[in-house]
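We count ligands from 1, going down the list as the structure has it; atoms in each ligand are counted the same way. None of the values given here were measured: they were computed from a predicted structure.
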Amino acid sequence: MMAAMNSPDASVDVHELLDRVRRLAADGPATIAAAATVDELRRLDGEFLGKTSVMSQAKAAMRFVAPEDRKSVGGLLNEVRTALEAAIGQRQSAFDSDARRERLAAEALDLSEVMDAAPTGHRHLISQTREMLEDAFVGLGFTVAEGPEIETDWYNFEALNMPEGHPARSMWDTLYLEAGEPESVLLRTHTSPVQIRTMLREEPPIYVVAPGRAYRSDTADATHLPVFSQIEGLVIDRGITFADLAGTIETFVKLLYGSERTTRLRPSFFPFTEPSAEFDMSTPSGEWVELGGCGMVHPNVLRAGGLDPEEWSGFAFGFGLERMAMQRHGLDDIRELITNDVRFLAQF
Ligand code: DAH
């Protein structure tokens with residue numbers, strides 16, 4: 001291509017400029033592709049296409065090009081500019097994707113940290129309490145038993161020394177099911193029927209705990225729930241005394257709450273034990289809190305379980321898991337345990 005020399009301005013050598021443009025067209029793209037950093041690329045961009053660049057000078061020199069040659073010279077300049085811009089764009093996007101890859105790699109690291117810190121959920125406080133109790137009793141040589149939540153009148157009351165019409169039945173506000181004879185099938189009001197089921201299933205010696213749900217026709221308030229959890233304990237062996245009961249209670253309370261805690265038994269009444277007691281635990285502030293009921297298994301209960309009261313004796317105890325969890329964590333409203341507010345649950 002021949003650019004006509006039509007220059008009144010001696011300082012502009014159009015030929016020489018166009019030579020430089022052609023050299024730039026030949027070498028520029030490779031130089032750009034070799035730019036090692038974004039800064040270097042930016043510098044080359046300025047050098048090749050900026051205000052004082054050969055390209056800009058050549059463009060400014062167009063007015064010195066003969067009109068008939070302007071089209072081809074302009075075409076050349078456009079072509080070279082486009083090629084240089086393309087090379088710069090390509091290099092830039094290579095830098096961009098490198099940066100994106102680096103950022104993703106960095107973010108991937110962050111993500112794993114976030115994963116570790118993310119709340120992953122855990123066992124409900126009551127389940128934790130139940131497992132903790134199971135572990136403690138297993139450590140003392142007990143096994144864990146279970147029984148159905150739907151029970152018959154016989155297991156829930158009668159076999160526990162509360163025949164039909166016994167006034168003690170009113171100690172539990174019972175939810176009866178519409179099945180069979182009226183008031184013959186119910187939601188167990190306590191875990192005590194598992195005592196009977198265990199005695200009928202296993203030969204003594206028996207050292208068993210039975211955690212599970214119990215139901216009562218109660219309205220929920222700060223200290224009551226219509227569905228709650230208990231753990232029942234039953235020991236049947238030869239020569240079991242009240243001292244064994246007291247020692248067992250003292251031992252598991254210390255195990256669960258710490259050795260500075262102590263326990264006391266207060267005389268009480270339950271139809272299925274004789275004598276019966278309620279057991280309390282000392283608190284750090286020197287007060288006593290009630291944990292549950294206990295006593296020596298009543299001879300009638302041993303008989304209902306198929307055992308000879310002359311040969312076997314035993315003790316039993318039962319207490320609420322919710323109350324125990326509340327005591328351990330200083331909670332003052334039992335309903336928190338079933339509301340499933342994550343802000344509450346996440347604390348345990
Ligand atoms: N079943 C009783 C209740 O729900 C608690 C209880 C008291 C269980 C004395 C026992 C016991 O095994 O011996 O109120």
Ligand 1 atoms nearer than 4.0 angstrom to some heavy atom of Gln195 are 12 (O)
Cluster question for you: counting only ILVMFWY and a side-chain heavy-atom cut-off of under 4.5 Å, with indirect links fine, are Leu291 and Met296 together? yes
So side-chain hydrogen bond (donor to acceptor under 3.5 Å, both in side chains) across residues 125-143, not counting sequence neighbours, yields His122-Gln128, Arg123-Glu131, Arg130-Glu134
Does Gly295 have a heavy atom less than 4.0 Å from any atom of ligand 1? yes
Near Ala316 (heavy-atom distance under 4.0 Å), the atoms of ligand 1 are 12 (O), 13 (O)
To which protein heavy atom is atom 5 (C) of ligand 1 closest, and what is the distance rounded to 0.1 Å? Gly318 O, 4.0 Å
Does Gln230 have a heavy atom less than 4.0 Å from any atom of ligand 1? yes
Taking the six-membered ring for Trp and the single ring otherwise, decide whether the centroids of Phe272 and His190 are under 6.0 Å apart. yes
May I ask you to identify the nearest protein heavy atom to atom 12 (O) of ligand 1, giving residue, atom name and distance to one decimal place in Å? Glu232 OE2, 2.6 Å
Taking the non-hydrogen atoms of Arg188, is any one of them nearer than 4.0 angstrom to ligand 1? no
Note: Asp153-Arg169 ion pair, threshold 4.0 Å (strictly below): yes
Geometry only, no angles: is Ser192 polar-contacting ligand 1 at N/O separations under 3.5 Å? yes
Side chain to side chain contact (heavy atoms under 4.5 Å, CB included) partner of Val73, chosen from Asn78, Leu18, Val21: Leu18
Just checking, is any N or O donor in the side chain of Gln57 or Thr52 under 3.5 Å from an acceptor N or O on the other one? no
Quick check: Phe252 with Phe317 (ring centres under 6.0 Å apart)? yes
Asp173/Arg216 salt bridge by N-O under 4.0 Å criterion: no
Cluster companions of Val185 among Ile, Leu, Val, Met, Phe, Trp, Tyr (side-chain spacing under 4.5 Å): Ile150, Leu175, Leu177, Leu187, Tyr215, Val227
Answer yes or no for Met171: is there a heavy-atom contact with ligand 1 below 4.0 Å? no
N/O to N/O below 3.5 Å, does that happen between Gly233 and ligand 1? no
Taking heavy atoms and a distance under 4.0 Å, where does Arg216 meet ligand 1: side chain, backbone, both or neither? side chain
Atom 14 (O) of ligand 1 has as its nearest protein heavy atom Trp172 NE1, 3.6 Å
Using heavy-atom distances, let me know which of Phe270, Phe272, Phe279 sits nearest atom 11 (C) of ligand 1. Phe272
